Amino acid sequence: TLGFAIFGKADYLSKLLKFTPMIQNLKGIRSTYYYVNMTSIKINGKKVNLNTSLLSIDNQGNGGTKISTVHHYTVLESSIFKAVSDAFTKQFKGPKRVRPVSPFGACYEVKGLSVPVIDLVMHKKSVHWRILGPNLMVRVNRNVSCLGFVDGGVDSRVGGVVGGYQLEDHLVEFRGVDGFGFSSS
């Protein structure tokens, strides 16, 4: 994948980004990760019914939403993954859901595929990270594409991890505790 990195100040690029605060998880080994304040998920503008408390860090250091270039795809705690994949499927017009292809849990026929839009809503409703088809769907063979989100299990220590596939082709800026900036796809 082609890409580039800018080190130092790039104020002219920052004007193109939306920013959300970075959150520190001060409990245990997870304190080194980058966390953001994701409050909800919308699909085609409709809020997904999910346990939003899992998106925040609790007093034991569990939960929260982190950004990771180590995880190839976005990983969601099981109940969040089920809510998102079910809502995603309901928003499709036409394609049939097919047997999952590992590691994915939500796969569809390519024929007639019109992909819904997913918004990751941050600390304010006006600050959302819009993810479109190229950053959502992974073509696993000639006839099948899968939602590029995976089930992290019920024992997941975090509610969500935004992975590298969803970061591709986005302009992002890490400002440490001062915030995380992102462009939509």
Side-chain angles (χ1 to χ4, degrees), residues 17-21 23 34-57 63-68 71-140 143-154 156 158-172 180-185:
L17 306 178
K18 293 182 181 179
F19 282 87
T20 191
I23 300 170
Y34 293 102
Y35 284 82
V36 292
N37 188 10
M38 186 166 71
T39 58
S40 67
I41 299 172
K42 290 183 178 181
I43 298 177
N44 279 353
K46 295 180 182 175
K47 192 173 179 180
V48 177
N49 185 19
L50 54 89
N51 181 356
T52 56
S53 69
L54 295 171
L55 300 175
S56 300
I57 301 168
T65 306
K66 65 181 184 175
I67 305 295
S68 173
H71 291 80
H72 195 66
Y73 303 103
T74 291
V75 179
L76 300 172
E77 183 275 337
S78 279
S79 68
I80 296 173
F81 175 80
K82 182 172 180 359
V84 168
S85 63
D86 288 350
F88 191 77
T89 299
K90 287 179 185 172
Q91 290 296 317
F92 268 125
K93 296 179 178 28
K96 183 174 116 183
R97 195 161 176 175
V98 298
R99 182 183 321 226
V101 176
S102 184
F104 308 107
C107 297
Y108 309 87
E109 287 180 346
V110 171
K111 185 178 180 184
L113 194 62
S114 175
V115 180
V117 172
I118 292 184
D119 289 316
L120 306 178
V121 183
M122 299 300 169
H123 67 290
K124 293 192 289 190
K125 290 179 186 177
S126 62
V127 180
H128 60 274
W129 188 350
R130 177 154 288 170
I131 303 174
L132 302 174
N135 289 97
L136 286 177
M137 303 303 291
V138 178
R139 188 90 176 245
V140 295
N143 300 314
V144 176
S145 280
C146 300
L147 177 61
F149 290 17
V150 297
D151 187 335
V154 292
S156 178
V158 295
V161 179
V162 179
Y165 193 78
Q166 283 68 46
L167 291 169
E168 286 179 6
D169 301 321
H170 289 263
L171 182 59
V172 296
F180 173 71
F182 55 89
S183 67
S184 293
S185 10

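Keep in mind the model is a prediction, meaning the values are calculated, not measured. For the numbers below, each heavy atom of this structure counts, side chains included, while hydrogens, waters and symmetry mates do not.
- Between the side chain of Q166 and the backbone N or O of H72 there is no donor-acceptor pair closer than 3.5 Å.
- A 4.5 Å side-chain heavy-atom check between Y165 and F149 finds every atom pair outside the cut-off.
- Ion pairing between K82 and D86 holds under the 4.0 Å rule for side-chain N and carboxylate O.
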Inset, instruction - Might you work through the side chain to side chain contact (heavy atoms under 4.5 Å, CB included) test for T65 and V161, ending with a clear yes or no? - result: CA-CA 6 Å; T65 306; V161 179; over 6 Å; no
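- Within the 3.5 Å criterion, the main-chain N or O of T39 finds no donor-acceptor partner in the side chain of T52.
- When side chains are defined from C-beta on, L132 does not count as touching V115, because their heavy atoms never get closer than 4.5 Å.
- Side-chain contact check for T89 and Q91: no donor-acceptor pair (N or O, by modelled atom type) lies under 3.5 Å.
- Considering only heavy atoms from C-beta on, F182 comes within 4.5 Å of T20 through its side chain.
- Under a 3.5 Å cut-off, the side chain of E109 and the backbone N or O of K111 do not form any donor-acceptor pair.
- Side-chain atoms of S79 and N51 include no donor-acceptor pair closer than 3.5 Å.
- The closest donor-acceptor contact from the side chain of N37 to the backbone of H123 lies at 3.5 Å or more, if one exists at all.
- The main-chain N or O of V121 is never found under 3.5 Å from a side-chain atom of D119 such that the two would form a donor-acceptor pair.
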